[in-house]
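In each ligand, atom 1 is the first atom listed, and ligand 1 is the first ligand listed. Any value given below was found using the heavy atoms of this structure, including those in side chains, with hydrogens, waters and symmetry copies removed. Predicted model only: the values in this text are computed from it and were never measured.
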Amino acid sequence: MAEFDNYIEYALEISRSEASPVRVLQDASGATRCGVGSTVWDAGLVLAKYLDRQTEEGKLDLANKTVLELGAGTGIVGIALARLQPQCSVFLTDKQELLPLLQRNIMLNDAANASAECLDWCRPEHRAGRWAGNKPDLILVSDGIWASDLHRPLAETLAQLAGANTRVLIAFETRKFDEEARFVALWSERFRFRDIKPAEQHRVMQSEDIFLFDGALK
Ligand SMILES: C[S@@+](CC[C@H](N)C(=O)[O-])C[C@H]1O[C@@H](n2cnc3c(N)ncnc32)[C@H](O)[C@@H]1O
């Protein structure tokens, strides 16, 4: 497909015994018109491998559940989860310009239980009707708070899309601690959460710079 000629493949091993690695195309040059979402971010890898470990240990059963990923980028997290939990439906969302890459990467993995759609945190109309009567069971966000101007739109999107029974997993790499703390303070106005300790995370794919939070509406 000519559109992705300059992209390279990233492969992530997952532990389901019969599973081949999750493969996603990414723009290694970083110069793509799609912005930061067209490369794989470390926080996404940590979250994907946490979900892998949870699945492997039988602690996460998403059969017939709905998962929504916000700011999915290449789709590495949501596609990994779709492959790990074939009985759940995973909706990968991002800005419009990321949809061709998300769709390409879903196809690359034959992930029939995953789909891509546009959901821009800065466009309240994108979240007004679509998820109103149909709250997701799980919402995933990896490396979504790197830009402080997105903190409020993201926090509002999470508050609007989560229901009483929705679990929210947020992974982020710390770069500017004060700014990240401000997002956490904003988020915690509506959500209670705990941090997922390194001992619970994947044994290898973890980092002292990457935090995982497990939250739900208050
Ligand atoms: C740092 S990247 C992380 C991508 C992916 N989650 C990962 O971990 O590899 C941030 C993502 O947020 C998306 N994003 C930025 N602004 C957004 C907005 N207003 N609405 C929805 N997604 C947005 C970007 O397009 C990008 O995919």
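- Close contacts of ligand 1 with Asp94, meaning ligand atoms under 4.0 Å from a residue heavy atom, involve 13 (C), 14 (N), 22 (N), 23 (C), 24 (C), 25 (O), 26 (C), 27 (O).
- Residue contact check: Gly44 has heavy atoms under 4.0 Å from atoms 8 (O) of ligand 1.
- When each atom of ligand 1 is checked for a heavy atom of Gly37 under 4.0 Å away, the hits are 26 (C), 27 (O).
- Atom CD of Glu125 sits in a crowded spot, with more than 12 heavy atoms from other residues, nucleotides or ligands closer than 6.0 Å.
- Open room surrounds CZ on Arg190; 12 or fewer heavy atoms of other groups in view lie less than 6.0 Å from it.
- In Leu98, the part holding a heavy atom less than 4.0 Å from any atom of ligand 1 is the side chain.
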Show the atom names and distances, to 0.1 Å, of all donor-acceptor pairs under 3.5 Å that link a side chain in residues 66-82 to residues at least two apart or in another chain.
| from | atom 1 | to | atom 2 | distance (Å) |
| --- | --- | --- | --- | --- |
| Glu69 | OE1 | Gly78 | N | 2.9 |
| Thr74 | OG1 | Ile76 | N | 3.4 |

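- Below 3.5 Å of separation, one finds an N or O of Gly71 facing an N or O of ligand 1.
- Taking every heavy atom of Ser142 and a limit of under 4.0 angstrom, the matching atoms of ligand 1 come to 3 (C), 5 (C), 6 (N), 7 (C), 8 (O).
- If you look at Leu119 next to ligand 1, the close heavy atoms, those under 4.0 Å, all belong to the backbone.
- No N or O atom of Asp143 sits closer than 3.5 Å to an N or O atom of ligand 1.
- With hydrophobic clusters built from ILVMFWY side chains whose heavy atoms lie under 4.5 angstrom apart, Val36 shares a cluster with Ile170.
- The aromatic rings of Phe211 and Phe213 sit tilted, their planes meeting at an angle between 30° and 60°.
- If you number the atoms of ligand 1 from 1 as listed, the ones under 4.0 Å from a heavy atom of Asp120 come out as 18 (C), 19 (N), 20 (N), 21 (C).
- Using a 4.0 Å heavy-atom cutoff, Gly144 is absent from the residues neighbouring ligand 1.
- At a heavy-atom distance under 4.0 Å, no atom of Ala43 approaches ligand 1.
- Ligand 1 has no N or O atom lying under 3.5 Å from any N or O atom of Trp146, backbone or side chain.
- Side-chain atoms of Arg83 and Ser20, non-hydrogen and from C-beta on, do get closer than 4.5 Å to each other.
- Take His126 and apply the ring pair (Phe, Tyr, Trp, His ring centres under 6.0 Å) test, not counting sequence neighbours, and it matches no residue.
- By the 4.5 Å heavy-atom criterion applied to side chains, Arg175 and Asp143 are counted as neighbours.
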